[in-house]
Amino acid sequence: MPKESKRPPWELYFMDIAFLVASRSTCIRRAVGALIIKEKRILATGYNGAPTGIKHCIDTGCLRQKLNIPSGEKHELCRGIHAEQNAIIQAALHGVSIKGAVFFCTNQPCSICTKMIINAGIKKIYYSFAYADPMADEMLKEAGIELIRIERSP
C-alpha cells in the first residue's frame, strides 16, 4: 500500500516561498514577498526594499514613520519599492514574459501595484494578508483578475 504523500499543494508551496522571499525585505514597517509563476515554474521574485545601490530603510530609518503617515497613503514618500513591483521589474530586466502568469504575494496588492499587474497581463493573484484598498479591489474585479486568499498565521 503506498504511503500518504505529505507534499503541500502547489498553492501552499508557492505561498511558503513568497514568505521566504519576504524575509529579505528591508522595510521597517512590513515585510512583503512576491512570486510570479507560470506553468508551476518561478519566473521572478521580489521583496520590498530600496532600489539597488541605495541605502535601505533599516539603515536610514523610515521617513513615513517619522512623518506619521498611515499605511496605504503617500506611497511616494518611501525609499522602498513594493515586492510586486520588484518582481515585475526583475522579469523585465531579464527579458522574461509574465503575460498570463499568476502572482503569489504575502499581502494583497495596493492600487499602484494592481495597475502594474493588470498591464503586465497577470491572470490570478494569491495572497495571505488583506490590505484595505477598495480601488485595487474594484480594478481587479473590472479587469477580471481572480483574487484568492490563502489563510496563513503571521
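Distance CZ/F103 to CG/L147: 12.5 Å, rounded to 0.5 Å. To the nearest 0.5 angstrom, T45 atom OG1 is 8.5 Å from N86 atom CG. With values rounded to the nearest 0.5 angstrom, K124 atom NZ is found 12.0 Å from I145 atom CD1. Distance CD/E84 to OG1/T114: 8.0 Å, rounded to 0.5 Å. In this structure, SG in C113 is found 9.0 Å from OH in Y131, a value given to the nearest 0.5 Å. In this structure, the separation between OG1 on T106 and CE on M15 is 7.5 Å, given to the nearest 0.5 Å.
Contact detail for I81 and P51: the closest heavy-atom pair is CD1-CG, 3.9 Å. Across every non-hydrogen atom of A120 and I98, the tightest pair is CB-CD1, 3.7 Å. The shortest non-hydrogen separation linking G33 to A22 is N-CB, 3.4 Å. Closest approach of R79 and T60 over heavy atoms only: CD-OG1, 3.5 Å. In terms of heavy-atom proximity, P109 sits nearest to I117 at CG-CD1, 3.8 Å. Scanning both residues, H56 and A50, for their nearest heavy atoms gives ND1-N, 3.5 Å.
Judged purely by atom type and a 3.5 angstrom limit, R149 uses its side chain to pair as donor or acceptor with the backbone of S128. Looking only at distances, a side-chain donor or acceptor of S25 sits under 3.5 Å from a matching main-chain atom of N48.
Grouping the Ile, Leu, Val, Met, Phe, Trp and Tyr side chains by contacts below 4.5 angstrom, directly or via other members, places F129 apart from Y127. V102 and I17 fall within a single hydrophobic cluster, where Ile, Leu, Val, Met, Phe, Trp and Tyr side chains are chained together by heavy-atom contacts under 4.5 Å. If you chain together hydrophobic residues whose side chains sit under 4.5 Å apart, I150 and I125 never meet in one group. Criterion: ILVMFWY side-chain heavy atoms under 4.5 Å apart, direct or through other members. Under it, F19 and Y47 are part of a common hydrophobic cluster. Connection of V32 to L20 is not established within any shared hydrophobic cluster, with ILVMFWY side chains joined at heavy-atom distances below 4.5 Å, either directly or through further cluster members.
Put simply, the side chain of I112 does not reach to within 4.5 Å of the side chain of H82, judged on heavy atoms. For the pair Y126 and L35, the minimum side-chain heavy-atom distance is 4.5 Å or more.
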For residues 132-139, tabulate all N or O donor-acceptor pairs below 3.5 Å that involve a side-chain atom, not counting sequence neighbours.
| residue | atom | partner | partner atom | Å |
| --- | --- | --- | --- | --- |
| D133 | OD1 | M135 | N | 3.3 |
| D133 | OD1 | A136 | N | 3.3 |
| D133 | OD2 | S111 | N | 2.7 |
| D133 | OD2 | S111 | OG | 3.3 |
| D137 | OD1 | Q108 | NE2 | 2.5 |

Listing, residues 36-44 side-chain donor-acceptor contacts under 3.5 Å, not counting sequence neighbours, or none:
| residue | atom | partner | partner atom | Å |
| --- | --- | --- | --- | --- |
| K38 | NZ | K99 | O | 2.7 |

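The aromatic rings of Y13 and W10 sit perpendicular, their planes meeting at an angle over 60°, well past the 30° parallel limit. Taking the six-membered ring where tryptophan is involved, the planes of F104 and F14 are tilted, since the angle between them lies from 30° to 60°.
Listed by chain and residue number, nothing satisfies the salt bridge (charged side-chain N to carboxylate O under 4.0 Å, His left out) test with K55 (two or more places apart in sequence, or in another chain).
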